[in-house]
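Note sheet for the following structure.
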Amino acid sequence: MTAQIIDGKAFAATVREKVAGHVTRLKEESGITPGLAVVLVGEDPASQVYVRSKGKQTVEVGMNSYEHKLEADTSEEDLLALIDKLNNDPAVHGILVQLPLPGHLNEDLVINSIDPAKDVDGFHISNVGLLGTGQKSMVPCTPLGCLMMLRDHHGSLSGMNAVVIGRSNIVGKPMAQLLLGDSCTVTIAHSRTKDLPEVVRGADIVVAAVGRPEMVPGDWIREGATVIDVGINRIERDGKNKLVGDVDFESASKVAGAITPVPGGVGPMTIACLLANTLTACCRANGLAEPDGLTA
Ligand code: NDP
């Protein structure tokens, strides 16, 4: 079998188009422009790249982008004061604090100081609780992107066996909640899981979010399964820098029914879902109908 490639780049473009169309109508009909504030503390090069890309794509879909770049030694008090200001700014519908934060700042405290209705990353404890109890919440962008691709590929996910490898708060756990919400039978695997290959072999859907290059080989994958590879790992091969996922694409794509590539799979969906979440937050804040197909 040769797997169908799930093209995250193309899918993300359709999500952005949908968001842009809705933003245009929102502006015409109500004069409201959704706004996303991104806060970056320090000069971590990867974070700078992400923040630039988020700002650019926000503007491209017709939203307002507000970038706040703070010095690496910014005090917790000053950061919390900025978040408070953004919480109370009616032009700001989404707030994202780029992680990781410098070590002297308490990430949990900072994230939980964001107004949950503006928490477009979906990391606030209230949103985690709402998602866990099946209520309307802001959903973390990466797992939301994975869910959208799975729904697009399968239609209904009901009754499917899903294995999520990884139990982080930003990917693994919310991914498992979303799959459960779509009536999958969900197993969460992690570093202490016994006989991981056998666990993965039972899956119709495998979501790998581990952070270990090409850890999941094709012979762990059930024939015809759908494989969503969240991993982004930089490796050196044949003297060149290369991005690879957590799944060994070459062997897995020979057995899987469908698979996301790295790069070009889950990655592009993450920012597209951030834009979708900002639009959703804006619609909710203004008591307007939410766009179809852009939330969980
Ligand atoms: P974390 O490091 O927070 O979590 C990794 C998880 O993998 C942990 O739960 C860990 O288990 C588990 N794990 C580690 N080793 C093994 C193993 N040998 N067998 C089974 N499970 C294992 O990572 P994240 O969730 O933040 O990210 C995962 C990957 O996804 C990374 O490559 C990251 O770069 C990528 N990523 C990609 C995004 C995108 O936009 N495409 C967005 C976010 C992340 P335990 O809890 O027991 O330690």
Side-chain angles (χ1 to χ4, degrees), residues 5-13 15-16 38 44-47 49-54 57 96-101 107-108 111 120-123 128 131 138-150 162-179 186-203 206-217 219-221 227-235 241-249 252 259-277:
I5 307 297
I6 301 178
D7 185 344
K9 204 171 161 198
F11 196 81
V15 172
R16 287 196 302 272
V38 177
D44 176 64
S47 294
V49 172
Y50 288 136
V51 167
R52 220 172 308 142
S53 184
K54 285 167 185 170
Q57 293 191 36
L96 181 148
V97 176
Q98 185 65 45
L99 301 178
L101 288 171
E107 273 184 11
D108 287 339
I111 295 304
V120 282
D121 251 344
F123 296 159
V128 175
L131 178 62
M138 295 307 304
V139 177
C141 304
T142 300
L144 178 58
C146 297
L147 182 75
M148 282 185 190
M149 290 193 285
L150 284 167
V163 172
V164 180
I165 318 174
R167 56 174 162 179
S168 73
N169 290 336
I170 61 166
V171 190
K173 283 182 196 153
M175 186 73 246
Q177 295 288 4
L178 289 171
L179 291 165
V186 183
T187 304
I188 308 178
H190 45 77
S191 66
R192 308 291 174 91
T193 296
K194 285 187 184 147
D195 203 352
L196 184 60
E198 215 36 50
V199 171
V200 175
R201 279 185 199 114
V206 181
V207 180
V210 185
R212 289 177 182 258
E214 299 172 333
M215 189 192 92
V216 179
D219 66 2
W220 292 14
I221 307 289
V227 178
I228 305 289
D229 191 351
V230 181
I232 301 178
N233 308 290
R234 247 166 245 285
I235 60 159
N241 282 323
K242 215 177 162 232
L243 272 191
V244 298
D246 291 339
V247 176
D248 175 32
F249 184 84
I259 187 167
T260 58
V262 177
V266 175
M269 286 298 288
T270 297
I271 298 185
C273 287
L274 172 67
L275 305 175
N277 275 352

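Just so you know, these numbers come straight off a predicted model, no measurement behind them. Just the heavy atoms: all of them, side chains too, but no hydrogens, waters or symmetry mates, feed the values below. Counting starts at 1 for both ligands and their atoms, following the listed order.
In this structure the side chain of V266 reaches within 4.5 angstrom of the side chain of I228, judged on heavy atoms. Counting heavy atoms from C-beta on, the side chains of W220 and V227 never come closer than 4.5 Å. Side-chain atoms of D121 and C141, non-hydrogen and from C-beta on, do get closer than 4.5 Å to each other. In this structure the side chain of F123 never reaches within 4.5 angstrom of the side chain of N169, judged on heavy atoms. Side-chain contact between L196 and M215: present, with at least one pair of heavy atoms (C-beta onward) separated by less than 4.5 Å. A heavy-atom distance below 4.5 Å is found between the side chains of P100 and S47. Between V139 and L147 there is no side-chain heavy-atom pair separated by less than 4.5 Å. Annotation: side chain of L179 is in contact with side chain of L150 (closest heavy-atom distance under 4.5 Å).
Annotation: R192 places no N or O atom under 3.5 Å from an N or O atom of ligand 1; distance criterion only. For a threshold of 3.5 Å applied to N or O pairs, the pair formed by S168 and ligand 1 contains at least one separation below that value.
Using a distance-only test at 3.5 Å, with no hydrogens or angles considered, no donor-acceptor pair links the side chain of S53 to the main chain of Y50. In this structure a side-chain-to-backbone donor-acceptor pair under 3.5 Å is present from S168 to V171. No side-chain donor-acceptor contact under 3.5 Å links E214 to the backbone of V244. Side chain of D246 to backbone of D229: no donor-acceptor contact under 3.5 angstrom is found. A distance-only check finds no donor-acceptor pair linking the side chain of R212 to the backbone of N233 [under 3.5 Å].
For atom 42 (C) of ligand 1, the nearest protein heavy atom (residue, atom name, distance) is T142 OG1, 3.2 Å. For atom 40 (O) of ligand 1, the closest non-hydrogen atom of the protein is T270 OG1, 2.8 Å. Here the heavy atom of the protein found nearest to atom 46 (O) of ligand 1 is R167 NE, 2.7 Å. In terms of protein heavy-atom proximity, atom 21 (N) of ligand 1 is closest to H190 C, 3.2 Å. Remark: minimum distance from atom 31 (C) of ligand 1 to any protein heavy atom is reached at G211 CA, 3.6 Å. For atom 17 (C) of ligand 1, the closest non-hydrogen atom of the protein is M215 SD, 3.8 Å. Looking at atom 47 (O) of ligand 1, its nearest protein heavy atom turns out to be S191 OG, 2.5 Å. Protein heavy atom closest to atom 34 (O) of ligand 1, with residue, atom name and distance, is I232 O, 3.5 Å.
Contact analysis puts I170 in contact with ligand 1, with a non-hydrogen atom separation below 4.0 angstrom. Residue contacts with ligand 1 do not include A189, since none of its heavy atoms lies under 4.0 Å from the ligand. The closest approach between a heavy atom of M269 and any atom of ligand 1 is not below 4.0 Å. For the pair G267 and ligand 1, a heavy-atom separation below 4.0 Å is found.
Residue V266 approaches ligand 1 through these ligand atoms, each under 4.0 Å from one of its heavy atoms: 41 (N). Near L196, the atoms of ligand 1 lying under 4.0 angstrom from a non-hydrogen atom of the residue are 19 (N), 20 (C). The distance from ligand 1 to the heavy atoms of V171 drops below 4.0 Å at these ligand atoms: 25 (O), 43 (C), 44 (C). Against a heavy-atom cut-off of under 4.0 Å, N233 is close to the following atoms of ligand 1: 32 (O). Within ligand 1, counting atoms from 1 as listed, the ones closer than 4.0 Å to a heavy atom of G166 are 6 (C), 7 (O), 9 (O).
Around atom 35 (C) of ligand 1, the closest heavy atom drawn from V210, V230, V262 belongs to V230.
Residue contacts with ligand 1 for R212 involve side-chain atoms from C-beta outward but no N, CA, C or O (heavy atoms, distance under 4.0 Å).
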